[in-house]
Amino acid sequence: MDKTYQPNAIEQQWYNTWEENGYFKPSGDTEARSYSIMIPPPNVTGSLHMGHGFQESIMDALIRYHRMQGDNTLWQVGTDHAGIATQMVVERLLAAEGVSRHQLGRDKFIDKVWEWKQQSGGTITRQLRRLGASPDWSRERFTMDEGFYKAVQEVFVRLYEDGLIYRGKRLVNWDPKLHTAISDLEVLNEEEQGHLWHLRYPLADGSGHLVVATTRPETMLGDSAVAVHPEDERYRHLLGKNIKLPLSDREIPIIADDYVDREFGTGCVKITPAHDFNDYEMGQRHSLEIINILDADANLNESVPEKYRGMERFAARSQIVDDLEALGLLEKVEPHTLKVPRGDRSGVVIEPWLTDQWYVRTQQLAAEAIAAVEDGRVNFVPKNYENMYFSWMRDIQDWCISRQLWWGHRIPAWYDEEGNVYVGRSEEEVRRKHSLGADITLRQDEDVLDTWFSSGLWTFGTLGWPEDTPELRDFHPSSVLVTGFDIIFFWVARMMMLTLYLKKEVPFHTVYVHGLVRDSHGQKMSKSKGNVLDPIDLIDGIDLESLVQKRTTGMMQPHLREKIEQQTRKEFPQGIAAYGTDALRYTYYSLASTGRDIKFDVGRIEGFRNFCNKIWNASRYVLQNCEGQDCGQDNSSDFELTLADRWIISQLQRTETTVREAMDSYRFDLASQALYDFIWGEYCSWYLELSKPVLWDETAAAAVKKGTRRTLIRVLETLLRLAHPLMPFITEEIWQRVKTLAGSGGESIMLQPYPQPNANKFDQQAEAAVGWLKQVIEGVRNIRGEMNISPAKKIPLLLRGGSSRDRELLDQARSLLTKLASLKSISCLDAGESAPASATALVGDMELLVPMAGLIDVNAESTRLQKEIDKLAKDLTRVQGKLNNPKFVDKAPAEVVAKEKNKLADMQSAYDRLREKLQQLSGL
RNA sequence: GGGUGGUUAGCUCAGUUGGGAGAGCGGCGGCCUUACAAGCCGUAGGUCACAGGUUCGACCCCUGUACCACCCACCA
């Protein structure tokens, strides 16, 4: 074995072996419990970012954990066609060649998208493999593949026939750049600095004017009314009068509506029903005219005065403000912060715009989806996300599902020339069902469905629905959905609604919600901030120049380039080292406490790379001592276990319990912590050291040596299995080398049983003994460290006082103690016997004395003792105070009081002894 | 405006029925001790945001305040 762990030497090879041998497939054991996870399908043309890395690592840990437990385990993998995102990418590529999609035409454009998918669609799945993810690749799906096409048509038709899908004309969120409607969720409302324009609107009778305040003066050309509050005394006398609208010279009424806030602005609101959601509602209430003044590009259309026709909306804004000012109608302009709606993909300001769209009626579907969480058929982890889910679901609006895009599932609706609409699974079905002859021309709806409509079917669409397949019966509902809180509404809610309605069961039993991966300062990672880390770079490493290159190419805002370059050079002067997949995964787990965002610091991954190396080297030690030796691999029983052996075996049982509990409750941070503590803190730091005196002692009995070798190798083999779900590669590599010596076998660690604690192996006696031994050793080390005694220097140790039990423990551990504390000798003094001037430590009632002759600095020892005494004095005061308080003694449980009393006695005795030592010292 | 989460060592975070504050990284001191310098040994460092309350006893339970983050909402 290499002296240091080299992840790149083994990872790819093991991954290929696993995949080629079909280890990722379900066991097919129908007697076993089923366990399934449906991957949140990443965008087919995307590439892996840190969020994916985190999420996939969690899923893989769960999948491997359950697979090892013998469950019939399916991890369903696949990718999403991601309508808008993908279409935008391909459009951008075409634009680089100087071609627009309209020049190309719909069919050719779609061909291009498929071509692009062919080309780049493998990126993210290749990267998933680098993470060690173990989904069943043979079942990989795509949300636009043949089967999904069928499922989507079927769902649409059923919902339509049940009256849950309808077509309607109303205001939608219109993206003037992408030329499509988008759902409420795809609109981001961010606060921005803007202005509040106060405009004078003259009364039609010439008797004066009133002032309206608006953030969007250009929409005044579409005003249908001015509204005031019905009880606003300032304006009551104007009700029923008309305004002569400037610039367009239309007359519009002054109306009363209690939507108006008297406190805001002037208390007068201009009403533009065609371009504002509230105004639209008010327009409905008051039967106002709806005047659409914008075209699909959000330029002014032919219903405005000629001067403004064709103007871009923001150019029109300043023109109109100028014109009003020239007319003396601009009262004032105030700075004003407002929420500006922007498309989450395009970034442009969204316009409320009146169009025909398809909607899902959500009320009834949402009620079911709420009930399923309320009655516990679906559980959120952490639980508080249920509130977020409820509050959104209870206030849900109908879902606009049509998109004016080309890439996506075409809506299965056809129109005849009269404009009648027919919905069906195919044109043929429509014609048959409605007896439409060949002479009638039918034209299919041009629109496609919102991507989330098809991904909403993911849990059952991937399993063969609408056919009744064995997979559906085995693996649906899925066990757990692992997802970020940011898509609870986009995806989780929609899956709940669609699945409950169509499948009559929940899509998953548990929703595990994880946080966002941020940079080490808590900033969101983004290209424009230049703080993006690529999981693959953390695995393979990257030199500084390539990293700078990567972070500064293809930027939307090239002016940030220099800053990003500087910042990158400062943060990673050496580039990024190759840490390997297991270290990356372990970092994710260690940071995955529930529901919190995680700040990813490269320092952490380095620590876990070191942990991998620790495991690697511990294994080298074990193998050096076990290879070619009898380690009980034939399961013979002629061996004897030392206290240390029994102790580490007992600790292992505890660790198995902790890790299992953590995994079962999605506490990957606790699981990783428990493993780390056991492997590094117990197995490596103590047990390996304790094994040396046995193995290196030529006089030790063969049975004892065999017992130690057996324990070394078997504990190692077990902890590898225990750690495998978190760190698949290194555990496989080492396991292959140790399995035979550990009396085990099999093709791969990933198919081995997951360790289970054995109650008979808990050993309190051994734990107490080793606990004592550790204390003594630590006492000596402390003296050595504080007194600056070289670790190489062998020193004598005197023991004084202590119980008969201390003597017993000493007898059992004498040789271990001598070796590990690097002692020259150990001698015992009777309780009253005087000792030479020494440095002292206490273990219970027993004094550890290291004679000072030639070794110890009196002053240093005094200081050390004084420090101990001060600490004890402080604790003593507190405990004494507690026990002197009659209320405590009366009211606290007897056992607590007894415990405090014991504590006091121990502390008092230690205190006295140390004081005595200090006095002796000062007498020198 | 409503809601959720957070505030613990220099940094990142654990702390699960309220009973002597922990880890990793970083710092400091000492070690190339025959698995590992990606290591070993030792060590310093905290009014658990603040103010009240409940309790014999509060990092933990209750109330309020401050600050941070996020979500939702029709103030032009």
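Values below: all heavy atoms of this structure, side chains included; hydrogens, waters and symmetry mates excluded. Labels below follow one simple rule: chain letters A, B, ... track the order of the sequence lines, proteins then strands, and each chain is numbered from 1.
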**Q** Should A/Ser593 be listed as having a side-chain N or O under 4.0 Å from OP1 or OP2 of B/C13?
**A** no
**Q** Do the side-chain N or O atoms of A/Lys692 get closer than 4.0 angstrom to the phosphate oxygens (OP1, OP2) of B/A35?
**A** yes
**Q** Which protein N or O atoms sit under 3.5 Å from an N or O of nucleotides 57-59 of chain B?
**A**
none

**Q** With under 30° as parallel and over 60° as perpendicular, where do the rings of A/Tyr588 and A/Phe54 fit, or are they tilted in between?
**A** tilted
**Q** Given atom CG of A/Asn384 and atom P of B/C71, what is their separation to the nearest angstrom?
**A** 15 Å
**Q** What residues form a salt bridge (charged side-chain N to carboxylate O under 4.0 Å, His left out) with A/Arg654, not counting sequence neighbours?
**A** A/Glu767
**Q** For A/Tyr259, which contact category applies under a 4.0 Å heavy-atom criterion: base, sugar-phosphate, or nothing?
**A** base
**Q** Under 4.0 Å: is that the gap between some side-chain N or O of A/Lys793 and OP1 or OP2 of B/U33?
**A** no
**Q** Compute the centroid of each ring, for A/Tyr385 and then for A/Phe380, and state whether the two points are separated by less than 6.0 Å.
**A** no
**Q** For nucleotides B/G27 and B/C67, find the distance between their P atoms and express it as a whole number of Å.
**A** 35 Å
**Q** About how many Å separate CZ of A/Arg394 and CD1 of A/Ile370, when rounded to the nearest 0.5 Å?
**A** 5.5 Å
**Q** Between B/U4 atom C1' and A/Phe485 atom CZ, what is the distance in whole Å?
**A** 11 Å
**Q** Which part of the nucleic acid, if any, lies within contact of A/Arg784, taking any heavy atom under 4.0 Å across all strands shown: a base, the sugar-phosphate backbone alone, or nothing?
**A** nothing
**Q** If you round to the nearest 0.5 Å, how far is CZ of A/Arg313 from CD1 of A/Ile293?
**A** 11.5 Å
**Q** When you compare B/A49 with B/U16, how far apart are their P atoms, in angstrom units rounded to a whole number?
**A** 15 Å
**Q** Within less than 4.0 Å of OP1 or OP2 of B/C56, is there a side-chain N or O belonging to A/Lys891?
**A** yes
**Q** Would you mind writing out the side-chain donor-acceptor pairs for residues 875-884 of chain A within the sub-3.5 Å range, not counting sequence neighbours?
**A**
{"from": "A/Thr877", "atom 1": "OG1", "to": "A/Ala873", "atom 2": "O", "distance (Å)": "2.6"}
{"from": "A/Asn884", "atom 1": "ND2", "to": "A/Gln880", "atom 2": "O", "distance (Å)": "3.3"}

**Q** Among side-chain atoms of A/Thr658 and A/Glu661, is any donor-acceptor pair under 3.5 angstrom?
**A** no
**Q** Given atom CZ of A/Phe608 and atom P of B/G39, what is their separation to the nearest angstrom?
**A** 13 Å
**Q** What residues form a side-chain contact (heavy atoms from CB on, under 4.5 Å) with A/Asn617, not counting sequence neighbours?
**A** A/Asn613, A/Arg620
**Q** How far does the C1' atom of B/U65 sit from the matching atom of B/G22, given to the nearest Å?
**A** 29 Å
**Q** Taking any heavy-atom pair under 4.0 Å as a contact, classify A/Val622: base, sugar-phosphate, or nothing.
**A** nothing
**Q** Could you check whether A/Glu263 gets within reach of a base, just the sugar-phosphate, or nothing at all, counting any heavy atom under 4.0 Å?
**A** nothing
**Q** Look at the side-chain N and O atoms of A/Lys3 and state whether any lies under 4.0 Å from the OP1 or OP2 oxygen of B/A37.
**A** yes
**Q** Determine the interatomic distance between P on B/A23 and the same-named atom on B/A14; round to the nearest Å.
**A** 16 Å
**Q** Can you list, by residue number, the residues of residues 682-691 of chain A that have a non-hydrogen atom closer than 4.0 angstrom to RNA chain B?
**A** A/Cys684, A/Leu688, A/Glu689
**Q** If you look at every strand shown and take non-hydrogen atoms under 4.0 Å, does A/Leu670 touch a base, only sugar-phosphate, or nothing?
**A** base
**Q** For B/C41, does either OP1 or OP2 sit under 4.0 Å from a side-chain N or O belonging to A/Asn782?
**A** no
**Q** Please list residues of residues 213-229 of chain A whose heavy atoms come under 4.0 Å from any atom in RNA chain B, ordered by number; otherwise none.
**A** A/Ala213, A/Thr214, A/Thr215
**Q** Show your reasoning for whether salt bridge (Lys or Arg N to Asp or Glu O under 4.0 Å) applies to A/Arg781 and A/Glu778.
**A** CA-CA 5 Å; A/Arg781 280 179 184 170; A/Glu778 278 164 351; 5.5 Å; no
**Q** Taking the side chain as every heavy atom from C-beta outward, state whether A/Val226 and A/Ile255 have any pair of such atoms under 4.5 Å apart.
**A** no
**Q** Sequence neighbours left out, what pairs pass salt bridge (charged side-chain N to carboxylate O under 4.0 Å, His left out) with at least one residue falling in residues 886-896 of chain A?
**A** none
**Q** Quick one: is A/His198 getting a side-chain N or O under 4.0 Å of the B/A76 phosphate, OP1 or OP2?
**A** no
**Q** Within the pair A/Arg667 and B/G15, is there a side-chain N or O less than 4.0 Å away from OP1 or OP2?
**A** yes
**Q** If we only count heavy atoms from C-beta on, is the A/Arg518 to A/Gln523 side-chain gap below 4.5 Å?
**A** no
**Q** Scan A/Trp680 against the nucleic acid and name what it touches under 4.0 Å (heavy atoms): base, sugar-phosphate only, or nothing.
**A** sugar-phosphate
**Q** Does A/Phe277 reach a base, just sugar-phosphate, or nothing at all? Heavy atoms under 4.0 Å.
**A** nothing
**Q** With sequence neighbours left out, which residue pairs that include part of residues 218-230 of chain A fulfil the side-chain hydrogen bond (donor to acceptor under 3.5 Å, both in side chains) condition?
**A** A/Tyr201-A/Asp223, A/Arg216-A/Glu218, A/Glu218-A/Arg317, A/Thr219-A/Lys270, A/Asp223-A/Lys270, A/Asp223-A/Thr272
**Q** Within the 4.0 Å heavy-atom criterion, would you say A/Ala892 contacts the bases, only the backbone, or no part of the nucleic acid?
**A** base
**Q** Under 4.0 angstrom, heavy atoms only, what part of the nucleic acid is A/Met907 near: base, sugar-phosphate, or nothing?
**A** base
**Q** Expressed as a whole number of angstroms, how long is the span from A/Asn625:CG to B/A35:P?
**A** 8 Å
**Q** For residues 676-695 of chain A, which residue pairs qualify under side-chain hydrogen bond (donor to acceptor under 3.5 Å, both in side chains), counting only residues two or more places apart or in two chains?
**A** A/Tyr621-A/Ser691, A/Asp645-A/Tyr687, A/Gln673-A/Asp677, A/Glu682-A/Lys774, A/Glu689-A/Lys692
**Q** Does the side chain of A/Asn610 come under 3.5 Å of the side chain of A/Glu606 through a donor N or O and an acceptor N or O?
**A** no
**Q** Just by distance, no angles: are the side chains of A/His198 and A/Glu334 close enough, under 3.5 Å, to form a donor-acceptor pair?
**A** yes
**Q** Atom NZ of A/Lys874 and atom P of B/G20: how far apart are they, to the nearest Å?
**A** 15 Å
**Q** What does A/Tyr5 touch in the nucleic acid at a heavy-atom separation under 4.0 angstrom: a base, only the sugar-phosphate, or nothing?
**A** base
**Q** Atom pairs, N/O to N/O, protein against nucleotides 8-12 of chain B, distance under 3.5 Å?
**A**
{"from": "B/U12", "atom 1": "O2", "to": "A/Arg604", "atom 2": "NH1", "distance (Å)": "3.3"}

**Q** Could you pull out all residues at least two apart from A/Phe264 that satisfy ring-ring contact (aromatic ring centres under 6.0 Å, His included)?
**A** A/His336
**Q** Could you measure between the two C1' atoms, the one in B/C61 and the one in B/G2, and give it in whole Å?
**A** 26 Å
**Q** Quick one: label A/Arg609 by what it contacts on the DNA or RNA (base, sugar-phosphate, nothing), any heavy atom closer than 4.0 Å.
**A** base
**Q** Which part of the nucleic acid, if any, lies within contact of A/Pro886, taking any heavy atom under 4.0 Å across all strands shown: a base, the sugar-phosphate backbone alone, or nothing?
**A** nothing
**Q** Measure the CG-CD distance between A/Leu872 and A/Gln908 for me, rounded to the nearest 0.5 Å.
**A** 9.5 Å
**Q** Given the rule that a pair is Watson-Crick or G-U wobble with both distances under 3.5 Å, how would you write RNA chain B in dot-bracket, using | for pairs to a different strand?
**A** (((((((..((((.....[..)))).(((((.......))))).....(((((..]....))))))))))))....
**Q** One pair to check against salt bridge (Lys or Arg N to Asp or Glu O under 4.0 Å): A/Glu868 and A/Arg864. What are the steps and the verdict?
**A** CA-CA 6 Å; A/Glu868 287 288 310; A/Arg864 202 180 65 89; 5.6 Å; no
